[in-house]
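Okay, so here's the structure we're looking at.
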2 protein chains.
Amino acid sequence: MPRKVAFDMLQFFQALGDSTRLRLLNLMGDQEVCVCYFVEILGAPQPKISRHLAYLRNSGVVSARREGKWMHYRIVMPPHDGAAQILRQTLDWLKDDKAMQADRARLTKACCSPAKYALDGAPVPTAISGQCCEACA
Amino acid sequence: MPRKVAFDMLQFFQALGDSTRLRLLNLMGDQEVCVCYFVEILGAPQPKISRHLAYLRNSGVVSARREGKWMHYRIVMPPHDGAAQILRQTLDWLKDDKAMQADRARLTKACCSPAKYALDGAPVPTAISGQCCEACA
DNA sequence: AAATCATATTCGTCAAAGTGAATATATCCA
DNA sequence: TGGATATATTCACTTTGACGAATATGATTT
């Protein structure tokens, strides 16, 4: 049965109307990602990332989970069917984009990169653990 | 075959991130509508309507056609499949909304309303001509 | 408890975007 | 040609939102 739970359309589209937030959503895709990866891969100051994540949270597009000192963010499908489909379609659209593909590639390799990605001990995104190299637990 | 013609995603979502523009898109739906109806039905100053229509035009979401002194606007499906689907989905979503339904109802009756809608001679939207009453040509 | 690390929030500033009022442009009609 | 009508654009103002820098919070480790 169709779900038409109220969902703020305006806030939803406004959340999608920013390039940093689109990059964040692209990195999440269908997996949970730790904030530290966002910071590393976007190469942006941490407060900026945090602010945009807060924006996405307030719009109901992502949810956060704490694990010790780390915060994991994931996309949460809106309770409205139409909104959910739009969000899925948007994520697919992002996959076409070269720059977005590059971001995702960097995320995949993040756990093994030497100096630049100083993420010792940071929780590896579940979906890429073991896909990068032998060293990736 | 899938069409992935470049289409500015950011501009697209920003165009959808304003309530006035959503109301305009909702009124257009799948028909061409004259600017004078937008002004009447939204009850907003004409320059405001014009500016938002210009914004939508610049985003590639609508196109304009002149007919004498009247301008008709219609939704134009983006050349990118994903964008097109999102736009269709958005229009469907708008249909769920009470306020949007009310707007559309007012559009349907606009050609026959007595004083408030002083639109003598204004071109009746094709899709509603003849559907309102006997007087509607 | 103190130091440290990851993340969030606040503050002041700046640019983008929405708005009303006034004005310009384009078309039609007399 | 001149006036009337429909629509578009400009201007000044205000609000919103993005930003960097600084600071606060929350959790871990020593």
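Throughout, a chain's letter reflects where its sequence line sits, starting with A, and its residues are numbered from 1. Being a predicted model, the structure only gives us computed values, none of them experimental.
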Query raised in the report: Separation of A:Leu56 atom CG from C:dA8 atom C1', in whole Å?
Result: 15 Å
Query raised in the report: Reckon B:Tyr73 has a side-chain N or O less than 4.0 Å from the OP1 or OP2 of D:dA6?
Result: no
Report task. Starting from C1' on D:dT7, measure out to CG on B:Leu53 and report it in whole angstrom. Result -> 10 Å
Requested in this report: Name all residues meeting the salt bridge (charged side-chain N to carboxylate O under 4.0 Å, His left out) criterion together with B:Asp92; count only those two or more places apart in sequence or in a different chain, and write none if there are none.
Outcome: B:Lys95
**Report entry** Value in whole Å for how far the P atom of C:dA6 lies from CD of A:Glu67
**Finding:** 13 Å
Query - Residues that A:Arg57 engages under salt bridge (charged side-chain N to carboxylate O under 4.0 Å, His left out), provided they are two or more places apart - result: none
Requested in this report: Rounded to the nearest angstrom, tell me the gap between atom CE in A:Met71 and atom C1' in C:dT9.
Outcome: 13 Å
Report task. Could you grab the distance from atom CZ of A:Phe38 to atom OG1 of A:Thr20, nearest 0.5 Å is fine? Result -> 12.0 Å
Query raised in the report: Nearest to the side chain of A:Arg66, which nucleotide is it out of C:dT7, D:dA27, D:dA8?
Result: D:dA27
Query raised in the report: What's the OH-P distance between A:Tyr37 and C:dC5, to the nearest Å?
Result: 17 Å
Query raised in the report: Just how far, in rounded Å, is P of D:dA27 from CH2 of A:Trp70?
Result: 14 Å
Requested in this report: Find the distance B:Phe13:CZ to C:dA17:P and express it as a whole number of Å.
Outcome: 17 Å
Report task. Give the minimum heavy-atom separation between A:Leu27 and A:Leu107, together with the two atoms involved. Result -> O-CD2, 3.6 Å
**Report entry** Length of the CG-P vector between A:Asn58 and D:dT16, whole Å
**Finding:** 16 Å
Query raised in the report: Sequence neighbours excluded, which residues qualify as salt bridge (charged side-chain N to carboxylate O under 4.0 Å, His left out) partners of B:Asp96?
Result: A:Lys4
Report summary line: Hits for side chain to side chain donor-acceptor pair (under 3.5 Å) against A:Arg104, two or more places apart or cross-chain, chain-then-number order -> none
Query raised in the report: Mind checking what makes side chain to side chain donor-acceptor pair (under 3.5 Å) contact with B:Asp18, not counting sequence neighbours?
Result: none
Query raised in the report: Which nucleotide in the set C:dA6, D:dT7, C:dA8 lies at the smallest distance from any side-chain heavy atom of A:Lys69?
Result: C:dA6
Report summary line: Under a 4.0 Å heavy-atom criterion, the protein footprint on nucleotides 18-25 of chain C, written with B, S and -, is SBBBB---
